Novice: 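Just dropping this structure here.
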Amino acid sequence: MKRWNGWGDEKNNFDFELSDSSRKFMEGKLGKSNALPDATLEEVIVKVPPSRLPEHSLISIDAEDRLRHSRGQSIPDWLAMRSGEFGTFPDGVGYPTTSTEVKDLLQFAQKHDIVVIPYGGGTSVCGHITPEEGKSPVLTISLERMNKLMALDKKSQIATFGAGTLGPDIEAQLAAEGYTLGHYPQSWELSTIGGWVASRSSGQQSLRYGRIEKMFAGGVIETLQGTMNIPTFPASSAGPDIREMFMGSEGRMGIITEVRVRITPVAEHESFHVVFFPSWQSGMDATREIVQNGIQLSMMRLSNPTETETHLKLAGYETMVGLLEKYLSFRGTSEGKTMFTFGTTGSKGQCKFALKLTRSIVSKYSGVYTGPLLGKRWEHSRFRTPYLRHGLWDVGVIVDTMETCLDWSSVPDAVKNMEKGIANSLNDENETVHVFTHLSHFYGQGCSVYTTYVFRAGSDYPTTMKRWEKLKAAGAEAIVSSGGTISHQHGVGKDHAPYLEAEKGELGIKAIKELCGMFDPDGRMNPGKLIP
Ligand SMILES: Cc1cc2nc3c(=O)[nH]c(=O)nc-3n(C[C@H](O)[C@H](O)[C@H](O)COP(=O)(O)OP(=O)(O)OC[C@H]3O[C@@H](n4cnc5c(N)ncnc54)[C@H](O)[C@@H]3O)c2cc1C
């Protein structure tokens with residue numbers, strides 16, 4: 001069963017306990033820290049108020065069910081779950097199994113003046129699924145029972161899934177037929193295909209498979225105004241694309257019940273590799289050249305010097321890292337080095353060719369190719385890193401991220417602005433923040449900038465929340481002033497909504513509002529999210 005107050009399945013506890021060296025490293029960066037006390041499940045369950053919902057056969061009003069669907073995975077969500085101070089809970093959780101049952105629940109909501117929150121895997125990191133306080137009862141509709149491969153058109157390479165299908169279940173059902181979707185967000189284990197569409201997700205191998213926008217070919221959406229069935233076309237010039245209206249709609253326009261996606265046969269070969277560049281600038285120049293030359297890699301990630309240092313220190317395999325550091329130093333790459341991880345996926349011949357082309361650009365920029373060993377490590381831990389949040393939490397250290405996407409000409413300054421803004425935002429408390437960045441999701445035009453910040457919990461929950469608010473505001477303001485989008489992949493939800501107008505403009509916001517209002521004139525679909 002999924003943890004009620006943290007990440008992952010209760011059975012998995014990877015990296016829960018920090019190694020001594022990792023703990024010392026963090027202490028050296030931030031100073032000694034103290035863990036905050038955790039509330040127990042029993043203590044929180046008794047705080048869940050009586051439900052205000054009329055009875056319905058598809059709705060559970062069980063207190064624990066409601067509690068488990070109250071929050072996502074943002075830092076405010078973690079602080080609420082760990083302190084036990086949730087504030088709000090949905091009045092019930094609906095479990096439909098078909099589009100018709102979703103329609104029925106929406107009609108029920110309309111009839112009884114109920115607010116509706118669609119719930120996929122609950123992995124939102126921007127407050128997407130938190131119920132707002134209000135007079136109307138709140139019904140969270142979980143898509144978890146709509147979790148099957150419903151149709152497979154092998155000739156057209158189109159698969160239809162129930163919107164609540166989780167990442168591993170999608171890949172397992174497709175692999176049985178020899179296919180893959182290839183969408184691997186770091187939250188893959190717990191997020192759903194409907195959630196990916198509703199929040200415009202991007203997977204780690206977007207370089208090969210594209211973002212969800214490229215995969216989403218059509219589907220079924222139940223709205224308060226009726227059913228929208230979007231057919232699949234390879235391409236169309238018939239006016240605005242209806243799919244675009246629902247991608248990133250964050251539950252404001254309706255509930256996605258079926259998702260039709262473009263799939264490909266499982267690749268013959270896949271491997272991941274690591275290179276170290278002597279400097280951040282050489283790494284940025286080389287990776288831009290690789291992507292702008294159209295070399296067919298499946299993923300790229302360039303860690304800046306602080307992220308490189310942090311990863312190597314927290315990696316947990318000290319002897320190997322020690323030898324690596326010696327080798328890199330011998331090759332003239334030590335202080336200020338940047339780590340470049342990349343993947344090749346395809347036929348054996350394609351992979352060999354892509355590796356050869358990449359290595360020739362890498363050596364032009366004095367990069368040291370270290371082979372596939374560290375790449376294997378990355379592959380092994382690609383979905384395990386989120387579990388590290390637990391180990392840090394237990395010693396009073398909190399980790400969060402901010403991400404954006406910009407044109408290449410704006411990338412270097414944006415990295416500086418984001419890191420500086422975040423690092424200085426707790427100066428008034430004399431608190432140090434450990435900040436580092438990587439570039440990922442590379443495009444010819446630019447890339448995503450992904451900044452991680454690690455800070456100490458305050459003396460209590462309210463102080464910690466205030467710290468996070470300062471950090472988040474500093475990061476978001478730096479993104480806006482650098483000309484970046486407020487999110488490349490996490491979406492808007494509640495936390496990014498105040499910054500949306502800066503990129504959409506007044507007219508753009510009005511158009512989005514009108515569109516949501518057309519489907520939902522009473523404003524009962526996920527109010528308070530997306531639109532400021
Ligand atoms: C550790 C961690 C790592 C992450 N890494 C990535 C990453 O690499 N790439 C990335 O893109 N994101 C990432 N995320 C963010 C998050 O996983 C994505 O936003 C994901 O797409 C959310 O999917 P979900 O099924 O969990 O949706 P939820 O969190 O349940 O919902 C998100 C939003 O979509 C709406 N929604 C969900 N399902 C439906 C539906 N069927 N119909 C209508 N609306 C719906 C909800 O109402 C809500 O507004 C990460 C999150 C965490 C915690």
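Read the numbers this way: they start at 1 and go in the same order the structure lists the ligands and their atoms. Only a predicted model underlies this, so the values are computations on that prediction, with no experimental measurement involved. In this chain, residues are counted from 1 in sequence order.
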Novice: Nearest heavy atom to atom 37 (C) of ligand 1 wins, so pick from Ser448, Gly195, Ser206.
Specialist: Gly195

Novice: Run the numbers for me: atoms of ligand 1, each under 4.0 Å from some heavy atom of Gln73, listed by number.
Specialist: 53 (C)

Novice: Which residue in the set His441, His183, Glu213, Arg211 passes side-chain hydrogen bond (donor to acceptor under 3.5 Å, both in side chains) when paired with Ser206?
Specialist: His441

Novice: Going by the order shown, which atoms of ligand 1 are within less than 4.0 Å of some heavy atom of Val125?
Specialist: 51 (C), 52 (C), 53 (C)

Novice: Does ligand 1 have an atom that lies less than 4.0 angstrom from a heavy atom of Trp7?
Specialist: yes

Novice: Out of Ala198, Gly72, Ser74, Ser187, who gets a non-hydrogen atom closest to atom 2 (C) of ligand 1?
Specialist: Ser187

Novice: Can a donor-acceptor pair be found between the side chains of Thr123 and Ser191 at a distance below 3.5 Å?
Specialist: no

Novice: What protein heavy atom lies closest to atom 48 (C) of ligand 1? Include the residue and the distance to one decimal.
Specialist: His128 CB, 3.4 Å

Novice: Taking the side chain as C-beta and beyond, is there a heavy-atom pair between Met299 and Tyr209 under 4.5 Å?
Specialist: no

Novice: Using distance alone, with no hydrogens and no angle criterion, decide if Trp78 and Asn5 have a side-chain donor and acceptor under 3.5 Å apart.
Specialist: no

Novice: Among all protein non-hydrogen atoms, which one is nearest to atom 28 (P) of ligand 1, and what is the separation to 0.1 Å?
Specialist: Gly122 N, 3.6 Å

Novice: Distance only, no hydrogens: is a donor on one side chain within 3.5 Å (strictly under) of an acceptor on the other, for Gln173 and Tyr179?
Specialist: no

Novice: Testing the basics here: between Leu67 and Phe86, what is the closest heavy-atom pair and its distance to 0.1 Å?
Specialist: O-CE2, 3.8 Å

Novice: Between Arg200 and Glu244, is a salt bridge (charged side-chain N to carboxylate O under 4.0 Å, His left out) present by the stated rule, with each step listed?
Specialist: CA-CA 10 Å; Arg200 277 190 183 268; Glu244 280 292 336; 2.6 Å; yes

Novice: To the nearest 0.1 Å, how far is atom 46 (C) of ligand 1 from its closest protein heavy atom, and which atom is that?
Specialist: Pro118 O, 3.1 Å

Novice: Measure from NZ or CZ of Arg382 to the centre of the six-membered ring of Tyr184, then state whether that distance is under 6.0 Å and the direction lies within 45° of the axis.
Specialist: yes

Novice: What protein heavy atom sits nearest atom 41 (N) of ligand 1, and how far off is it?
Specialist: Ile256 O, 2.9 Å

Novice: For the 3.5 Å polar cut-off, considering only N or O atoms, please tell me whether Ser202 and ligand 1 meet it.
Specialist: yes

Novice: At what distance is the nearest protein heavy atom to atom 24 (P) of ligand 1, and which residue and atom is it?
Specialist: Gly121 N, 3.4 Å

Novice: In a check of ring pair (Phe, Tyr, Trp, His ring centres under 6.0 Å) between His273 and each of Phe340, Phe342, Trp378, which one passes?
Specialist: Phe342

Novice: Among all protein heavy atoms in this structure, tell me which lies nearest to atom 49 (O) of ligand 1, with the distance rounded to 0.1 Å.
Specialist: Glu250 O, 3.1 Å

Novice: Check the side chains of Glu258 and Asn229 for a donor-acceptor pair under 3.5 angstrom, ignoring hydrogens and angles.
Specialist: no

Novice: Can you find a heavy atom in the side chain of Ile255 that is under 4.5 Å from one in the side chain of Ile221?
Specialist: no

Novice: So if I count the atoms of ligand 1 from 1 in the order they appear, which ones are less than 4.0 Å from some heavy atom of Asn526?
Specialist: 47 (O), 49 (O)

Novice: Does His490 have a heavy atom less than 4.0 Å from any atom of ligand 1?
Specialist: yes

Novice: Hey, is Lys510 close enough to Glu501 for a salt bridge, meaning N to O under 4.0 Å?
Specialist: no

Novice: Return yes when Gly254 approaches ligand 1 closer than 4.0 angstrom through a heavy atom, no otherwise.
Specialist: yes

Novice: Side chain, backbone, both or neither: which applies to Thr192 and ligand 1 if a contact is any heavy-atom pair less than 4.0 Å apart?
Specialist: both

Novice: Nearest heavy-atom pair of Val291 and Tyr443: which atoms, and what distance?
Specialist: CG1-O, 3.6 Å

Novice: Would you kindly say whether Glu419 and Thr437 are connected by a side-chain donor-acceptor distance under 3.5 Å?
Specialist: yes

Novice: How does Leu143 reach ligand 1, by side chain, by backbone, by both or by neither, if only non-hydrogen atoms under 4.0 Å count?
Specialist: side chain

Novice: Looking only at heavy atoms, which two atoms of Arg252 and Asn526 are closest? And how far apart?
Specialist: CD-O, 3.2 Å

Novice: For Pro386, counting its heavy atoms only, list the atoms of ligand 1 lying under 4.0 Å from any of them.
Specialist: 1 (C)

Novice: Measure from atom 5 (N) of ligand 1 to every heavy atom in Gln186, His69, His441 and give the option owning the shortest one.
Specialist: Gln186

Novice: Heavy atom under 4.0 Å from ligand 1: found in Gln489's side chain, backbone, both, or neither?
Specialist: both

Novice: Counting from 1, what ligand 1 atoms have a heavy atom of Trp196 closer than 4.0 Å?
Specialist: 20 (C), 21 (O)

Novice: Polar-atom distance check: Ile117 versus ligand 1, any N or O pair below 3.5 Å?
Specialist: no

Novice: Got an N/O contact under 3.5 Å between Ile255 and ligand 1?
Specialist: no

Novice: Does only the side chain of Ser124 get under 4.0 Å from ligand 1, or the backbone, or both, or neither? Count heavy atoms.
Specialist: both

Novice: Within the 4.0 Å heavy-atom shell around Ser201, which atoms of ligand 1 are there?
Specialist: 10 (C), 11 (O), 21 (O)

Novice: Identify, by atom number and element, the atoms of ligand 1 in contact range of Pro185, meaning under 4.0 Å from any of its heavy atoms.
Specialist: 6 (C), 7 (C), 8 (O), 9 (N), 10 (C)

Novice: Parallel, tilted or perpendicular: which fits the ring planes of Trp408 and Phe442, with parallel below 30° and perpendicular above 60°?
Specialist: tilted

Novice: So, is Thr123 polar-close to ligand 1, with some N/O to N/O distance under 3.5 Å?
Specialist: yes

Novice: Of all the non-hydrogen atoms in the protein, which one sits nearest to atom 31 (O) of ligand 1, and at what distance?
Specialist: Ile129 CG2, 4.0 Å

Novice: How far is atom 21 (O) of ligand 1 from its nearest protein heavy atom, and which residue and atom is that?
Specialist: Ser199 OG, 3.0 Å

Novice: When you compare the side chains of Gln110 and Arg524, does any donor N or O come within less than 3.5 Å of an acceptor on the partner?
Specialist: yes

